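Right, one structure below, let's go through it.
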Amino acid sequence: EDRAFLEKEIRDSLKQFDGFGWWDLCTMIRLENGRRKFDSEYYRALMQLTANVFREAQYKDKLFVAETVVGHENPSSVGYILSSEGTKTLRDSLLIGLENGVDIINVPEWDEQNENTSLRPTVYNGTSHMRIMRHLMGRLKGKQPSRIASDDPSRPDLILSMRKIITLGEKLEFELLNIPD
């Protein structure tokens, strides 16, 4: 029943507009050990359902839009947050859109350092987001992984991520990512 309802809502929107997309990934969360994390399986299910509607002949010329986010972490863990889980939220939300054949990927950039929502290079995240997006988009286009001109090929392209602020008693989590692996 829920699936049929959502498909009808998407079709009704597509009859009125030139496209459709899911927004506000900060609300697509699951709680894990008291932390709000991006619910990639829920988002994947919504995107697959939407992609199925877009495969119908009458909607082939409409625009299918997806959102990709880095995360949204307030300086304290109190309040409305979406953990970036290192780079996992960015990677998962981007890949889900790409897997479902979207036409446009919207990347809202609040550019707030205290919330860890910006994509621009910073002391905190350097070029990690750029490297991830370059790699995933290159993979989509069938291109071989390439290095940035300033890279030292004798060193692996590793990204080490962690929350910049944690609260007393909170478990410190690290993510080690090797691009392109």
Side-chain angles (χ1 to χ4, degrees), residues 1-56 59-60 62-74 77 79-112 115-120 125 128-141 159 161-163 173-181:
E1 289 177 14
D2 291 339
R3 180 180 194 87
F5 173 79
L6 286 173
E7 288 172 344
K8 181 189 177 311
E9 291 293 310
I10 295 166
R11 286 184 190 102
D12 288 348
S13 292
L14 289 171
K15 289 173 187 170
Q16 298 177 55
F17 303 105
D18 292 331
F20 182 87
W22 291 103
W23 307 105
D24 202 7
L25 296 190
C26 290
T27 64
M28 295 185 193
I29 57 141
R30 69 183 193 290
L31 284 176
E32 186 177 301
N33 298 324
R35 300 263 321 270
R36 294 164 52 105
K37 297 187 177 186
F38 175 56
D39 192 338
S40 58
E41 292 310 309
Y42 178 69
Y43 188 51
R44 179 172 279 113
L46 285 176
M47 293 298 287
Q48 288 171 345
L49 179 139
T50 307
N52 288 339
V53 172
F54 272 87
R55 287 186 192 100
E56 296 172 12
Y59 306 120
K60 66 179 176 55
K62 302 283 185 163
L63 294 173
F64 183 13
V65 184
E67 184 177 67
T68 293
V69 296
V70 173
H72 183 263
E73 298 179 73
N74 289 332
S77 60
Y80 186 70
I81 67 167
L82 171 64
S83 175
S84 61
E85 295 188 79
T87 64
K88 189 173 184 333
T89 297
L90 172 68
R91 290 182 292 116
D92 284 355
S93 60
L94 181 59
L95 275 172
I96 290 167
L98 296 175
E99 288 169 357
N100 286 285
V102 299
D103 300 304
I104 297 172
I105 295 176
N106 179 46
V107 186
E109 183 176 339
W110 297 284
D111 195 24
E112 295 201 24
E115 293 178 348
N116 189 31
T117 56
S118 73
L119 287 173
R120 68 184 176 144
N125 69 16
S128 61
H129 298 140
M130 178 187 70
R131 291 172 185 276
I132 289 166
M133 293 177 85
R134 280 181 81 228
H135 170 67
L136 293 177
M137 293 307 295
R139 199 166 87 185
L140 173 71
K141 296 174 183 177
I159 296 171
S161 302
M162 60 176 269
R163 278 194 58 193
E173 297 173 348
F174 294 93
E175 176 197 58
L176 182 61
L177 184 66
N178 184 17
I179 303 289
D181 297 336

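For reference, positions follow the sequence shown, starting with 1. This is a predicted model, so every value here is computed, not measured.
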Query raised in the report: Any Lys/Arg nitrogen of Arg91 or Glu175 sitting under 4.0 Å from an Asp/Glu carboxylate oxygen of the other?
Result: yes

Query raised in the report: How would you list, by chain and number, every residue that makes a side chain to side chain contact (heavy atoms under 4.5 Å, CB included) with Asp39, sequence neighbours excluded?
Result: Arg30, Glu41, Tyr42

**Report entry** Side-chain heavy-atom pair Tyr43, Asp92 within 4.5 angstrom cut-off
**Finding:** no

Query - CG-CZ distance between Leu95 and Arg44, expressed to the nearest 0.5 angstrom - result: 8.0 Å

**Report entry** Met28 vs Trp23 side-chain heavy atoms within contact, under 4.5 Å
**Finding:** no

Report task. Identify the heavy atoms of Ser161 and Gly86 that sit nearest to each other, and give their distance. Result -> CB-CA, 3.4 Å

Report task. List the steps, then state whether side chain to side chain contact (heavy atoms under 4.5 Å, CB included) holds for Leu46 with Leu6. Result -> CA-CA 9 Å; Leu46 285 176; Leu6 286 173; 4.0 Å; yes

Query - Main-chain N/O of Val69 paired to Ser93 side chain as donor or acceptor, under 3.5 Å - result: yes

Report task. Taking all heavy atoms of Ile105 and all of Leu98, pick out the closest pair and write down the distance. Result -> CD1-CD2, 3.4 Å

Report task. Looking only at non-hydrogen atoms, find the nearest pair between Gly19 and Leu14 and report the distance. Result -> C-CD2, 3.7 Å

Report task. Applying side chain to side chain contact (heavy atoms under 4.5 Å, CB included), run through Lys62 and Phe17 and close with a yes or a no. Result -> CA-CA 8 Å; Lys62 302 283 185 163; Phe17 303 105; over 6 Å; no

Query raised in the report: Are Thr89 and Leu25 side-chain neighbours, meaning at least one heavy-atom pair lies under 4.5 Å?
Result: no

Report summary line: Rounded to the nearest 0.5 Å, the CZ atom of Phe38 sits from the CD atom of Glu32 at a distance of 13.5 Å

Report task. Measure across Met133 and Leu94 and return the closest heavy-atom pair with its distance rounded to 0.1 Å. Result -> CG-CD2, 4.1 Å

Query raised in the report: So, do Phe20 and Phe54 sit near enough that their side-chain heavy atoms are less than 4.5 Å apart?
Result: yes

Query raised in the report: Which distance, rounded to the nearest 0.5 Å, do you find between the CZ of Arg131 and the CG of Leu177?
Result: 11.5 Å

Report task. State, yes or no, whether a side-chain contact exists between Met47 and Glu99 at a heavy-atom distance under 4.5 Å. Result -> no

**Report entry** Leu90 vs Thr68, side chain to side chain contact (heavy atoms under 4.5 Å, CB included): CA-CA, chis, key distance, verdict
**Finding:** CA-CA 6 Å; Leu90 172 68; Thr68 293; 3.5 Å; yes

**Report entry** Any Leu31 side-chain heavy atom under 4.5 Å of Arg36 side chain
**Finding:** yes

Report summary line: In short, Glu67 meets Trp22 closest at the heavy-atom pair CB-O, 3.7 Å

Report task. Kindly give the heavy-atom pair with the smallest separation between Ser40 and Ile96, and that separation in Å. Result -> O-CD1, 3.4 Å

Report summary line: In this structure, CD1 of Ile29 is separated from CG of Leu82 (nearest 0.5 Å) by 8.0 Å

